Amino acid sequence: MPAGHTIRRIADRHTDLFEGQALRVSSPQGRFAAGASRLDGRVLQQVEARGKHLLYHFEGRRTLHVHLGLVGRFQTHRLPAPAPSPATRLVLRTDDAAAYLTGPMKCDLIDRTMVERIVGHLGPDPLKVSRRPKAFDDALAGDHRPIGTVLLDQGVVAGIGNVYRSEVLFLEGIDPHTPASDLTADQVSAIWSTAREELRRGVEDGAIITVGPREVGAATRRELPAELRRYAYKRSGMPCHRCHTQIRSTEMAGRQIWWCPECQS
DNA sequence: GGGTGATGCTGAG
DNA sequence: TCAGCCTCACCCC
C-alpha cells in the first residue's frame with residue numbers, strides 16, 4: 001500500500017473533508033486513547049504528506065503523526081459510515097465524514113521539536129519539490145552504495161518504496177547494482193524526474209502503473225491487467241516487456257529487487 | 001477456508 | 001536481530 005503516492009492521496013482526501021473543522025477524535029482500540037482525548041474537539045489546521053509520513057497539525061501546536069508501515073490502512077467514508085471495527089486505532093469524525101485508521105506502525109501525538117526531527121531525517125520528496133534539489137545530487141555523488149539500496153533510503157529521497165525503486169531504475173535503464181556515486185549527472189537528473197513523474201501518476205491513478213499501455217497493446221493504463229502494469233517488480237523469470245529477456249531478482253537493502261539484465265546494463 | 005508474504009519501519013532485547 | 005503491527009492479496013487445498 002503505502003509509498004508516497006498513497007500517502008499524498010490520503011492527505012488530499014483528508015484536507016478536503018477535515019481541514020478547518022473541529023474534529024471528534026477517538027480510539028476504539030484504546031491504544032491511542034490518551035492522545036485522542038487531547039485532540040478531541042480541536043480544529044485541524046493542516047494535513048501534510050511528507051514522504052511516507054502523515055502530519056495532522058491541530059490548533060494548540062499539537063500534531064498527530066501517522067505512519068502506516070506495511071499493514072496500516074486508512075478508510076475514509078462520507079456519513080453514514082459503517083461502525084469502526086474494535087481494532088480501529090484512530091477515528092477522525094465530523095458531521096459529514098469519518099476516517100478509520102487500523103494497523104499503523106505509528107500513531108502518536110508529537111510536539112514541534114519532534115515534527116522537526118522527523119522532517120529533518122527525510123530527504124527531499126519528489127511529490128513536494130518540483131525542481132531537483134542540490135541535496136539529492138550531493139547525496140548520490142557521495143554515496144558508494146548501490147543505487148538500488150540508496151533509493152529506499154528515506155533520508156536520501158522520501159516517498160519511494162520497493163515498487164518504485166525497481167520501476168524507476170528499469171525506466172532509466174540503470175542496473176540497480178551501480179554505485180550511486182558512479183552515476184552520470186544525466187542519470188541522476190533522470191532518476192529524479194522519472195520518480196517524480198511516476199509518483200504523480202500514482203497519485204492520479206491510485207495505483208502504480210508504470211508500463212506505457214501502447215507498448216503492450218492496450219489503449220489506456222487503466223485497461224492493463226495486473227500482470228502487465230509493471231516492467232520489473234515481482235516479474236522474476238518472466239519476459240521483459242521490451243526485450244523478452246528474463247527478469248531477474250536479488251535481495252538488496254534487505255528486500256527483493258527486480259531488473260532486466262539486458263535493458264539495465 | 002487456511003497459510004503466507006508484503007508498496008515499512010520501530011523498538012525491545 | 002527480529003517480533004510487532006493485525007490487513008490484504010494471492011496461492012494451495
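In what follows, chains carry the letters A, B, and so on, assigned in the order in which the sequence lines appear, proteins first and then strands, with residues in each chain numbered from 1. For the numbers below, each heavy atom of this structure counts, side chains included, while hydrogens, waters and symmetry mates do not. For clarity, every value in this text was computed on a predicted model and none was experimentally measured.
- Salt-bridge formation is detected for the pair Arg145(A)/Asp153(A): a Lys NZ or Arg NE/NH1/NH2 atom is positioned less than 4.0 Å from an Asp or Glu carboxylate oxygen.
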Salt bridge (Lys or Arg N to Asp or Glu O under 4.0 Å), that's the test. Do Glu198(A) and Arg201(A) meet it? Break it down for me.
CA-CA 5 Å; Glu198(A) 293 302 325; Arg201(A) 190 172 287 161; 3.4 Å; yes
With B for base contact, S for sugar-phosphate-only contact and - for none (protein heavy atoms under 4.0 Å), nucleotides 1-6 of chain B reads -----B
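- Atom-to-atom, CG of Leu152(A) to P of dC9(B) comes out at 8 Å; the value is rounded to the nearest Å.
- Nucleic acid contact for Gly69(A): base, since at least one base atom lies under 4.0 Å from a heavy atom of the residue.
- Salt-bridge annotation for Arg132(A) and Asp137(A): present, with a side-chain N of the basic residue lying under 4.0 Å from a carboxylate O of the acidic one.
- No side-chain donor-acceptor contact under 3.5 Å links Thr245(A) and Glu262(A).
- Residue-level contact check: Gln75(A) touches neither bases nor backbone, having no heavy atom under 4.0 Å from any strand.
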Would you give me the side-chain donor-acceptor pairs under 3.5 Å for residues 112-131 of chain A, sequence neighbours excluded?
residue   : atom : partner   : partner atom : Å
His121(A) : ND1  : Arg117(A) : O            : 3.2
Asp125(A) : OD1  : Leu127(A) : N            : 2.8
Asp125(A) : OD2  : Gly51(A)  : N            : 2.9

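- Separating the P atom of dT10(B) from that of dC8(C) is a span of 23 Å, rounded to the nearest Å.
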Writing each nucleotide of DNA chain B 5' to 3' as (, ), [, ], | or . by Watson-Crick or G-U pairing under 3.5 Å yields ||||||.|||||.
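- Taking atom P on both dG5(B) and dC2(C), the two are 15 Å apart, rounded to the nearest angstrom.
- Using a 3.5 Å distance cut-off with no hydrogens or angles, the side chains of His77(A) and Tyr100(A) do not pair a donor with an acceptor.
- With hydrogens and angles disregarded, no donor-acceptor distance shorter than 3.5 Å links the side chain of Arg200(A) to the backbone of Glu204(A).
- At a threshold of 4.0 angstrom between heavy atoms, the contacts of Arg165(A) with the nucleic acid are absent.
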